[in-house]
Amino acid sequence: MEIEHNKIAQKWQGEWAKANAFTRAKNPKRKFYCLEMFPYTSGKLHMGHLRNYSIGDTLARYKRMQGFHVLYPMGFDSFGLPAENAAIKQKINPKEWTLTNVTKIEEQMKALGLSYDWSAEVVTCRPEYYKWNQWLFIQMFKKGLAYKREAPVNWCPNCGTSLANEQVIQGKCWRCETEVRQEMLSQWFFKITEYTEELLEGIKQLDGWPPRVRVMQENWIGKSEGTEIFFKIKDSDKTLSTFTTRPDTVYGITYLVLAPEHPLVLELTKGTPYEAQVKEFVEKVKKESLIDRRDETKPKEGMFIGKYFINPVNGDECPLYIADYAILEYGTGAVMAVPAHDQRDFEFAKKYKLPIKVVIAPDAYELRPDRMTRAFIDDGTLVNSGEFNGSQNRDAMEDISKFLEKKEWGKRCTQYKLRDWLISRQRYWGTPIPIVYCKKCGALPVPEDQLPVLLPEDVKFTGEGNPVGTSSSFVNTTCPKCGGPATRETDTMDTFVDSSWYFFRYCSPKYEKGMFEKKEVEKWLPVDQYIGGIEHAILHLLYSRFICRVLRDLGLTKLSEPFNKLLSQGLVVKDGAKMSKSKGNVVEPKPIIEKYGPDTARFFILFAALPEKQLDWSDAGIEGIFRFINKLYSLAEKPLPHTPGKGKLNNPDRFMLSRVNRLTEIVTGHIENFEFSLALTEIMNFVNELSRYKLSDEGAMGYCLRRVALLFAPFIPHTSEEIWHRLGETSLIVQQEWPKQDAQWIDARAEGIESVKAAVRDDIASIAKLLNKEKLASVTLFCAAQWKFTAFALLKSKMPITDMKAVMQGLMSNQELKPHGGEISKIVERVAKKQGSVPLATLTRDDELAALADLTAEFPNLKVVLEEKSSEQKSKNAMPGKPAIIVE
RNA sequence: GCGGGGGUAGCAAAGUGGUCAAAUGCGCAGGACUUAAGAUCCUGUCCCUUAGUGGGUUCGUGGGUUCGAAACCCAUCCCCCGCACCA
């Protein structure tokens, strides 16, 4: 029978909608907030999205069945450059383009049967959303957390806008991969550095986050503790400050390096013979791209600028250099150079023939500057270091810092890599920054009752400059303070501002009195499980952590960390390579869903790899899953009773009832651990067994299949729902409770008997095969009196006796050891202790006979011969748990 | 260089002290069904050998711990990801 997967899917999607099955509860008791990173509205969903949402939907459905009140919302990150580019290229309004795409994506999500609460939908480009971006901006402005500053910023010439540091990946624009330039511009920043230490400390509490994401954030914040040291410049009243993490090497300074852009450079060289040359060098370095400049393999370049400084600790006079390897943004933009103990300084000193002075001596050999081929960076004993001679350099770090502080030559300080978040974008499709410039009154925030500042519609998209500026009706306004003529800020906000608090908005999506309703947020947040790609490890996740703290300090929430658990889903690849248009290995989800239905697609994507791991897309693999789902349908074609028959169940029935209950525990465990692929494998195995065993009792079959449907329900909801109903149920499976192992059906004896039978049956079958006969004329089971079935059966049911048996075998096989009974019992004891005590179920002799009796029914010519006395040879054969078989 | 994660059969991917020659899916081979193909079902799929069986060699490589190691420890090689002239 042909299964019409998509028709079935649509049918149940309709039923779920009718039953309003996924709307969030008004008053959640056991709440669960399941969140996926909302998509950018490019119009098409790709495999990564499909994976992301399959994981989240499965979890949301599972939690719902477990009785949690689930908030599982979806929205759209809908501001951003692609919309504007489409406008320029295709002459479409960005708004139109975006909203059309929203509709398209919604349709695709609905076709997948994702169980979102659509009533909570958030679309960031709508004024009712971005109004609150503006409101937030104004609050931050008032607190000094949003400010405008002239600074060297990252400029993407292709996107025509500035970028935050986080959005520059290896010197290139995160969106278009164009090389980023440095430009001096006046821009708006969010003062994320106000929260640096807190954001860093907070990472320690995030134990529900993947380690790599935590490490990436730590690295990005880049804390280093060290010492600032001040140097007097000879023949000048200027003082230079440098940052170092190695104060123990301060006696080894032989020169000092300034970043070429350092403000002191031009000042110090002004009117000196070096001026022209220095200017030339500075210009040259400025022209180099950041990528070139940060290339470690490139030889370091620099020059002497004609000045000397005095090392306060020993009075040494040393030359002042500028060099491309010093970077203005890090530390103080000046480096104290200790060539003997720093590799970069060493290379530079060699190139420019600067002296090398050893101040840390290795324990094992003597370090001679003229023979050094590289810097000595290990630990050792201080030499040439005045009063600190002889101390270990590790100790000296602390002592010298204290010494410098006492003398006021330096002070200990902490340095971070994290810079303030540049949020100005010189583009149209974003939230207008709500600032007005008045010649008299300066930069003023738009009064809150005038929000939102709407994006102008009368703009021209020329592809050059910021379109916002082309709307004179927008730009020209009046000063909110003096009423005089004023102009509006034309920059818009980084879209990452939108996405840094959208998950708050979901809790009260239509709230008009604020960003969100405090009461609702208290009910739902923090997000219990967040799921998304690793690409946001720093960007979105760091910004959200920051904004959450800002909201906390504005008194809007009590929360510091918004995301309790985070899952970074792995990449979807094809043939071992990332899907990309240039490689031509892109698989679109849409045709897959049209061909196989949503459940097959979801099943495959959850089955093929653990959520965190890379997933290799396989067209053959999805065929396999499709076959499996069809097989599942073929098992449940007619209504079956939901409980096993009242009469005597035969052993296979009892066995499968026991299996399905054990399976329930196993599957639950796997879901809890996010091992979806393993959960699915286990259910598949069971279904395959179920199709092989012909259960005699319809009730037992009905019970097993219902359980399978329930266990599958979070993964393949449409199929499960259909099967549930085909079996005769009338309620919706999405509203069922998640099943629990029912102890009354656990039957170790039945399991043992089936194991014995399976083993013997296998043997008989293989003998038949070998003899090339369909049925054997006569098979005799030749059994020793002392069977080992017990051990064997338990082997199959994961009892600790397994270990004991193995221990025994291990000991027996060791010829040299020949342990005594005492030793064995010790080991057995140890194993038992480790495993915890589990009651042993044993098969009696009668059980074993029952197993063989079952088999004689299957094989009419089977004879069971019982040997009362076991001889050595025979017990050897019988030893692993199987009786000997004799064929006549 | 630093940090994170890995290396398991033809492929993908489980397994983290003893049911392990190792789940599951794909692929491959054989069989059943069929006029045939497809679909479906069954069986097999490291090597040698056997009627059952037994033996050998395997989980990157080399050592070690253990009665017993794919799993634990040490060393080593390789791969992927992130950061990086960070002073």
Looking only at atom [atom1], what distance separates [N] and [M], rounded to whole Å?
{"N": "B/G15", "M": "B/A69", "atom1": "C1'", "answer": "13 Å"}
{"N": "B/C74", "M": "B/C20", "atom1": "P", "answer": "28 Å"}
{"N": "B/G82", "M": "B/C28", "atom1": "C1'", "answer": "40 Å"}
{"N": "B/A21", "M": "B/A70", "atom1": "C1'", "answer": "11 Å"}
{"N": "B/A75", "M": "B/C86", "atom1": "P", "answer": "27 Å"}
{"N": "B/C46", "M": "B/U8", "atom1": "C1'", "answer": "13 Å"}
{"N": "B/U24", "M": "B/A9", "atom1": "C1'", "answer": "14 Å"}
{"N": "B/U16", "M": "B/A22", "atom1": "C1'", "answer": "13 Å"}

The side chain to side chain donor-acceptor pair (under 3.5 Å) partners of A/R212 (sequence neighbours excluded) come to none
Sequence neighbours excluded, the answer for side chain to side chain donor-acceptor pair (under 3.5 Å) partners of A/N165 is A/N154
Among B/U24, B/C86, B/A87, the one nearest any side-chain atom of A/K417 is B/C86
Closest of B/U24, B/A14, B/A87 to the A/K613 side chain is B/A14
Does [X] put a side-chain nitrogen or oxygen below 4.0 Å from OP1 or OP2 of [N]?
{"X": "A/T244", "N": "B/A87", "result": "no"}
{"X": "A/K631", "N": "B/C41", "result": "yes"}
{"X": "A/N688", "N": "B/C42", "result": "no"}

Classify the side-chain pair [X]/[Y] by whether it contains a donor and acceptor separated by less than 3.5 Å.
{"X": "A/D378", "Y": "A/H341", "value": "no"}
{"X": "A/T227", "Y": "A/S401", "value": "yes"}
{"X": "A/Q415", "Y": "A/S224", "value": "no"}

How long is the line joining [atom1] of [X] and [atom2] of [N], in whole Å?
{"X": "A/K300", "N": "B/C86", "atom1": "NZ", "atom2": "P", "answer": "8 Å"}
{"X": "A/I534", "N": "B/C83", "atom1": "CD1", "atom2": "C1'", "answer": "13 Å"}
{"X": "A/N685", "N": "B/A13", "atom1": "CG", "atom2": "P", "answer": "19 Å"}
{"X": "A/R246", "N": "B/C86", "atom1": "CZ", "atom2": "P", "answer": "13 Å"}
{"X": "A/R602", "N": "B/G25", "atom1": "CZ", "atom2": "P", "answer": "21 Å"}
{"X": "A/E682", "N": "B/A13", "atom1": "CD", "atom2": "P", "answer": "19 Å"}
{"X": "A/Q614", "N": "B/C81", "atom1": "CD", "atom2": "P", "answer": "9 Å"}
{"X": "A/L615", "N": "B/G25", "atom1": "CG", "atom2": "P", "answer": "17 Å"}

Which part of the nucleic acid, if any, lies within contact of [X], taking any heavy atom under 4.0 Å across all strands shown: a base, the sugar-phosphate backbone alone, or nothing?
{"X": "A/G222", "result": "nothing"}
{"X": "A/L610", "result": "sugar-phosphate"}
{"X": "A/D619", "result": "nothing"}
{"X": "A/D342", "result": "nothing"}

Now, which nucleotide makes the Watson-Crick or G-U wobble pair with [N], with each of the two distances under 3.5 Å?
{"N": "B/A29", "answer": "B/U43"}
{"N": "B/A75", "answer": "B/U61"}
{"N": "B/G38", "answer": "none"}
{"N": "B/A12", "answer": "B/U24"}
{"N": "B/G68", "answer": "none"}
{"N": "B/C83", "answer": "B/G1"}

Quiz item: Is the A/F603 to A/F628 ring centre distance short of 6.0 Å?
Solution: yes
Report the residues that fulfil ring-ring contact (aromatic ring centres under 6.0 Å, His included) with [X], sequence neighbours left out, ordered by chain and then residue number.
{"X": "A/F604", "value": "A/W617"}
{"X": "A/Y321", "value": "A/Y255, A/F304, A/F348"}
{"X": "A/W220", "value": "none"}
{"X": "A/F346", "value": "none"}

Assert: residue with more 5' nearest nucleotide on RNA chain B, out of A/S618 and A/A608, is A/A608
On RNA chain B, more 5' by nearest nucleotide between A/I169 and A/M684 is A/M684
Anything under 3.5 Å between a donor and an acceptor, one on a side chain of residues 677-688 of chain A, the other on a protein residue two or more places apart or in another chain? List them.
residue : atom : partner : partner atom : Å
A/T681  : OG1  : A/S677  : O            : 2.7
A/N688  : OD1  : A/K631  : NZ           : 2.7
A/N688  : ND2  : A/M684  : O            : 3.4

Once base and sugar-phosphate atoms are separated, protein heavy atoms under 4.0 Å mark nucleotides 27-34 of chain B, 5' to 3', with B, S and - as S-------
Note: contacts of residues 210-221 of chain A with RNA chain B (heavy atom, under 4.0 Å) are A/R212, A/V215, A/M216
- Query: When the ring planes of A/F715 and A/F712 are compared, do they come out parallel, tilted or perpendicular, using 30° and 60° as the limits?
  - Reply: perpendicular
